[in-house]
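What follows is one structure encoded as structure tokens, with my remarks underneath.
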Amino acid sequence: MAIEILIIGLIILFVMNYTGRISANRFIADNEVYFRKLKEDDWDFYVRAKYGEGVNGDILFNKRIRNGLITIVVLVFCFISKLNYVTILFCFIGGFLVFKLDYFNIKKYYKAHLHEINSMLPHYLKSLEILIQHYTVPVAIGKSINDAPAIFREGLQDLINEINAGNDKIDPYVRFAREYPVRDSMRMMRLLYRLSLGRQEHKQDQLLAFSKTISNLQQKARETRYKERLEKMESKTMSMLITTGLGVMILLIFAVLMLMGM
């Protein structure tokens, strides 16, 4: 009976959505202020890390909301014959888990490519260092945006816009670091801000310190990359040894059984 109710309910929902009587997208748009409170602080960063700046994180977030709501409705139809506080709570928990699923998946992708993404910042800062030798820090950042990794471009543009609007404090740099929580981003943005405040006669010394810090970050990235490769090689070697050992043991057992059968 529950299956029949579910099928009938889905057909009704499809017809009403097709005719425009109800619209999940319109419902989400009308209640966007409330749904935005469910948005994770690092969602936009993870979206840019995986898809680049060409994908709108808000659109993907709305799809997550829609999938969660559809899951709740489907589960309600499944338990329509025995609805109570427990089953209703179960329906909402199921919808929330479906809503969170895409976030967990995209976060998993980031962690799998963590070192690759972390290495982008020191490489970008190295190219920025060359520009800073000829321009002020804000001008150098502005000129570097087109050649910066795609993941950082939107944040860099916001940073420059805020500086050009007259904000000469550290806040724009800190906001950039919080928006892109890669390795040492906060420390590097603070160094960049101090470099922007330095007098011309001390600029070379500050640039030298800045360059050494970037080189250390690049060295860390290389060491991490080599360590990962070594761990993969060790893992493959261990797997080969275990497989070979098991194969030899199976052959020995088979040979012993053959001898005993004789």
Side-chain angles (χ1 to χ4, degrees), residues 2-114 116-118 120 149-159 161-162 174-182 185:
I3 296 177
E4 289 84 350
I5 294 174
L6 175 61
I7 293 173
I8 293 171
L10 291 176
I11 292 173
I12 293 172
L13 283 175
F14 174 77
V15 172
M16 294 183 72
N17 185 69
Y18 184 78
T19 57
R21 295 289 185 86
I22 61 172
S23 173
N25 292 332
R26 187 168 62 242
F27 175 77
I28 293 171
D30 292 341
N31 297 274
E32 186 175 4
V33 176
Y34 305 106
F35 288 130
R36 280 290 177 269
K37 294 180 180 179
L38 298 173
K39 186 177 180 180
E40 300 84 1
D41 293 336
D42 49 5
W43 168 252
D44 290 328
F45 168 73
Y46 289 141
V47 170
R48 284 193 294 270
K50 184 173 183 179
Y51 301 110
E53 61 181 3
V55 176
N56 191 321
D58 290 336
I59 294 176
L60 293 182
F61 179 76
N62 288 343
K63 288 182 179 179
R64 291 173 56 199
I65 293 289
R66 185 190 61 194
N67 293 339
L69 293 175
I70 290 173
T71 302
I72 293 173
V73 172
V74 170
L75 289 176
V76 167
F77 277 115
C78 288
F79 296 103
I80 194 72
S81 59
K82 42 186 175 182
L83 276 180
N84 52 48
Y85 290 115
V86 176
T87 53
I88 291 175
L89 179 62
F90 176 80
C91 294
F92 276 92
I93 291 175
F96 184 74
L97 290 176
V98 170
F99 162 74
K100 278 289 188 180
L101 185 61
D102 284 340
Y103 174 72
F104 293 142
N105 287 337
I106 203 169
K107 190 173 183 178
K108 183 179 179 182
Y109 170 89
Y110 171 74
K111 288 183 177 179
H113 298 78
L114 183 63
E116 177 186 348
I117 296 170
N118 278 339
M120 292 180 182
I151 186 176
F152 298 127
R153 287 174 193 163
E154 185 178 343
L156 289 170
Q157 189 61 60
D158 292 339
L159 171 65
N161 290 341
E162 200 165 349
V174 170
R175 269 190 282 276
F176 177 88
R178 287 174 179 167
E179 188 176 358
Y180 299 92
V182 295
S185 59

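Just so it is clear, the model here is predicted, and its values are computed rather than measured.
Distance alone, capped at 3.5 Å, is enough to place a donor-acceptor pair between the Y180 side chain and the G155 backbone.
Interatomic distance, CZ of F99 versus CG of L97, reported as 11.0 Å (0.5 Å rounding). Distance CZ/R36 to CZ/F61: 5.5 Å, rounded to 0.5 Å. We find the NZ-NZ distance between K108 and K50 to be 10.5 Å, quoted to the nearest 0.5 Å. Here the CD1 atom belonging to I65 is positioned 12.5 Å from the CG atom belonging to L60, to the nearest 0.5 angstrom. Rounding to the nearest 0.5 angstrom, the gap separating the CG atom in L156 from the CG atom in N161 is 10.5 Å.
Minimum heavy-atom separation, L69 to F35: CD1-CZ, 4.2 Å. Nearest heavy atoms, G95 versus L75: N-CD1, 4.5 Å. The two residues W43 and I106 have their closest heavy-atom pair at CZ3-CG2, 3.7 Å.
Ionic pairing of D44 and K39 is present here: one or more N-O contacts between side-chain nitrogen and carboxylate oxygen are shorter than 4.0 angstrom.
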key: CA sep, side-chain torsions, deciding dist, call: Y46, N105, side-chain hydrogen bond (donor to acceptor under 3.5 Å, both in side chains)   = CA-CA 10 Å; Y46 289 141; N105 287 337; over 6 Å; no
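More than 12 heavy atoms of other shown residues, nucleotides or ligands fall within 6.0 angstrom of atom CZ in R153.
Checked against the 6.0 Å centroid threshold, F45 and Y110 count as a close aromatic pair.
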